[in-house]
Amino acid sequence: MKASAAERYFQWELDQGVTAKIRYTEQGTEQAGKPPILFLHGYGGMIEHWDLNIPEFASNHKIYAMDLIGFGQSEKPNVRYSLELFATQIDAFLELKKISRVVIVGHSMGAASAIFYAHYKPGNVAALILANPSGLFGDTMDGMNSVFFGLVASPLIGEALFSAFANPLGVGQSLAPTYYNQSKVDSKLVTQFTRPLQDRGASWSYLSPSRRPNDFKLNHLEKPSHYKGKTFLIWGAEDVALPPHKIIPEFQELLPEAAAFIIPKASHCVHHDAHEAFNQRLRQILNTL
């Protein structure tokens with residue numbers, strides 16, 4: 001029997017006088033000898049992007065998931081967004097729930113945030129399970145992409161581009177390249193990703209990685225990382241933006257103990273694109289912890 005999700009919010013004071021309402025869910029019950037699992041979505045994502053994954057594990061694990069500040073249904077204040085900010089959010093959430101050790105399952109930007117957190121708080125992390133993490137890009141940022149990101153970083157042009165893409169048509173066009181199985185990019189998924197774009201402050205949070213890309217990179221972390229615990233990379237073989245043969249070796253310099261698994265017929269959103277294969281691999285990993 002699958003546990004139902006309980007949607008909740010907490011008020012996070014991220015700085016003196018600066019607060020943000022953060023959405024999270026929890027499922028399942030505490031299991032003796034098993035640390036809880038925290039799921040973290042990627043850029044533009046939300047808790048619902050794990051809908052094909054979390055229910056498969058809630059019967060045997062205590063599970064949490066949350067919307068990162070600036071995304072999903074969490075508040076979107078005008079603050080400096082960065083991997084450091086997301087890592088601070090992780091820390092605040094674990095303190096709120098009185099969790100001393102956690103397994104983090106992160107996708108893309110959420111995975112990069114988990115790495116950042118584990119680097120500075122290694123004792124709090126039982127394992128990292130990273131689905132197509134961002135943060136290290138090798139030489140994949142070609143000339144045209146660099147020009148595009150430069151345009152997006154321009155305040156006026158960036159706002160105009162955001163307005164052009166903050167609708168179902170634009171969202172669908174943006175999601176399509178991140179999926180191998182195009183049938184997954186359906187109206188439900190597009191609606192999930194479109195809705196947060198209408199929130200107050202969304203343009204500020206969504207444009208932040210383009211305006212300050214270094215705030216979303218892991219290059220400055222020491223290699224190897226301070227985190228020496230169990231790490232698993234799960235990668236969609238067809239990820240064109242972050243191709244595994246180029247990116248995995250770079251992550252293994254940062255996390256030398258990381259085991260890598262490549263899932264065929266899946267792209268950047270591997271956990272949703274090929275959810276059955278991803279869930280099977282995740283189950284195997286969790287059984288080893």
Side-chain angles (χ1 to χ4, degrees), residues 39-45 49-50 53 68 71 81-83 86-87 104-119 128-150 152-153 165 171 173-182 184-185 189 193 206-210 212-221 223 225 231-256 258-275 277-278 281-282 285:
F39 285 80
L40 298 173
H41 63 78
Y43 172 79
H49 207 200
W50 298 106
N53 314 113
L68 294 171
F71 297 93
Y81 290 91
S82 64
L83 296 182
F86 300 140
I104 304 180
V105 179
H107 171 238
S108 193
M109 186 180 74
S113 303
I115 294 169
F116 195 102
Y117 176 73
H119 178 76
L128 290 175
I129 302 169
L130 310 167
N132 289 55
S134 64
L136 297 174
F137 302 100
D139 59 354
T140 60
M141 189 66 73
D142 60 30
M144 285 304 295
N145 280 333
S146 296
V147 171
F148 175 76
F149 279 103
V152 173
F165 282 93
V171 168
Q173 291 175 339
S174 299
L175 283 171
T178 67
Y179 278 78
Y180 176 84
N181 298 292
Q182 291 296 298
K184 291 288 185 74
V185 187
L189 184 72
F193 274 76
Y206 278 73
L207 290 173
S208 288
S210 299
R212 290 184 301 278
N214 288 333
D215 287 354
F216 295 84
K217 293 180 181 178
L218 297 164
N219 306 64
H220 65 284
L221 296 185
K223 294 182 180 180
S225 166
T231 306
F232 306 87
L233 301 167
I234 305 178
W235 223 284
E238 309 300 329
D239 189 339
V240 177
L242 298 175
H245 66 283
K246 286 187 176 182
I247 305 298
I248 287 177
E250 191 167 358
F251 274 95
Q252 289 177 323
E253 288 182 24
L254 182 64
L255 301 160
F261 306 98
I262 298 177
I263 293 181
K265 297 182 179 179
S267 187
H268 184 67
C269 296
V270 59
H271 64 292
H272 190 261
D273 196 2
H275 70 279
F278 179 88
R281 177 59 66 184
L282 179 55
I285 291 171

Report the C-alpha distance between Gln252 and Leu233 in whole Å, list the side-chain angles of each, state the deciding distance to 0.1 Å, and finish with yes or no for side chain to side chain contact (heavy atoms under 4.5 Å, CB included). CA-CA 9 Å; Gln252 289 177 323; Leu233 301 167; 4.3 Å; yes
Evaluate the criterion side chain to side chain contact (heavy atoms under 4.5 Å, CB included) for residue pair Leu242 and His268; output intermediate values, then yes/no. CA-CA 7 Å; Leu242 298 175; His268 184 67; 3.6 Å; yes
Is there a side chain to side chain contact (heavy atoms under 4.5 Å, CB included) between Ile115 and Leu254? Walk through the geometry before answering. CA-CA 9 Å; Ile115 294 169; Leu254 182 64; 3.8 Å; yes
I'd like to know whether Val270 forms a side chain to side chain contact (heavy atoms under 4.5 Å, CB included) with Tyr180, so could you lay out the CA-CA distance, the side-chain angles of the two residues, the decisive distance to 0.1 Å, and finally the verdict. CA-CA 9 Å; Val270 59; Tyr180 176 84; over 6 Å; no
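In this structure Thr231 satisfies the side chain to side chain donor-acceptor pair (under 3.5 Å) test with no other residue, sequence neighbours excluded. Lys223 is linked by a salt bridge (Lys or Arg N to Asp or Glu O under 4.0 Å) to Glu253, counting only residues two or more places apart in sequence or in another chain. Under the side chain to side chain donor-acceptor pair (under 3.5 Å) criterion, Asp273 pairs with Asn181, not counting sequence neighbours.
Put simply, the side chain of Leu218 does not reach to within 4.5 Å of the side chain of His119, judged on heavy atoms. At least one side-chain heavy atom of Ile263 sits less than 4.5 Å from a side-chain heavy atom of Phe278. Looking only at side-chain heavy atoms (C-beta outward), Leu130 and Ile234 stay at 4.5 Å or farther from each other.
Exactly one of Trp235, Tyr179, Trp50 qualifies for a ring pair (Phe, Tyr, Trp, His ring centres under 6.0 Å) with His271. That residue is Trp50.
Distance check: Phe261 CZ to Arg281 CZ gives 4.5 Å after rounding to the nearest 0.5 Å. Taken from NZ in Lys246 to CZ in Phe251, the straight-line distance is 15.0 Å, to the nearest 0.5 Å. In this structure, Ile248 CD1 and Leu136 CG are separated by 12.0 Å, a value rounded to the nearest 0.5 Å. Summarising the geometry, atom CG belonging to Leu255 is positioned 11.5 Å from atom CD belonging to Glu250; distances are rounded to the nearest 0.5 Å. Atom SG of residue Cys269 and atom CG of residue Leu175 lie 6.5 Å apart, to the nearest 0.5 angstrom. Atom-to-atom distance recorded for Tyr81:OH and Phe216:CZ is 9.0 Å, nearest 0.5 angstrom.
Between the side chain of His41 and the backbone N or O of Leu68 there is at least one donor-acceptor pair closer than 3.5 Å. The backbone N or O of Pro244 sits nowhere less than 3.5 Å from a side-chain atom of Asp239 that would complete a donor-acceptor pair.
Between Phe71 and Tyr43, the ring-plane angle classifies as perpendicular under the 30° and 60° cut-offs. Relative orientation of the His49 and His272 rings is tilted, given thresholds of 30° and 60° on the angle between their planes.
Between His275 and Asn53, the closest heavy-atom pair is CB-ND2, 4.0 Å. When all heavy atoms are compared, the tightest approach of Phe193 to Val171 is CB-CG1, 3.6 Å. Closest non-hydrogen pair, Ala274 versus Lys184, comes out as N-NZ, 4.3 Å. Shown here for Ala112 and Ser134, the closest heavy-atom pair between the two residues is CB-O, 3.2 Å. Gln182 and Ala176 get closest at one heavy-atom pair: NE2-O, 2.8 Å. Taking every heavy atom of both residues into account, Pro133 and Ala111 meet most closely at CB-CB, 3.6 Å.
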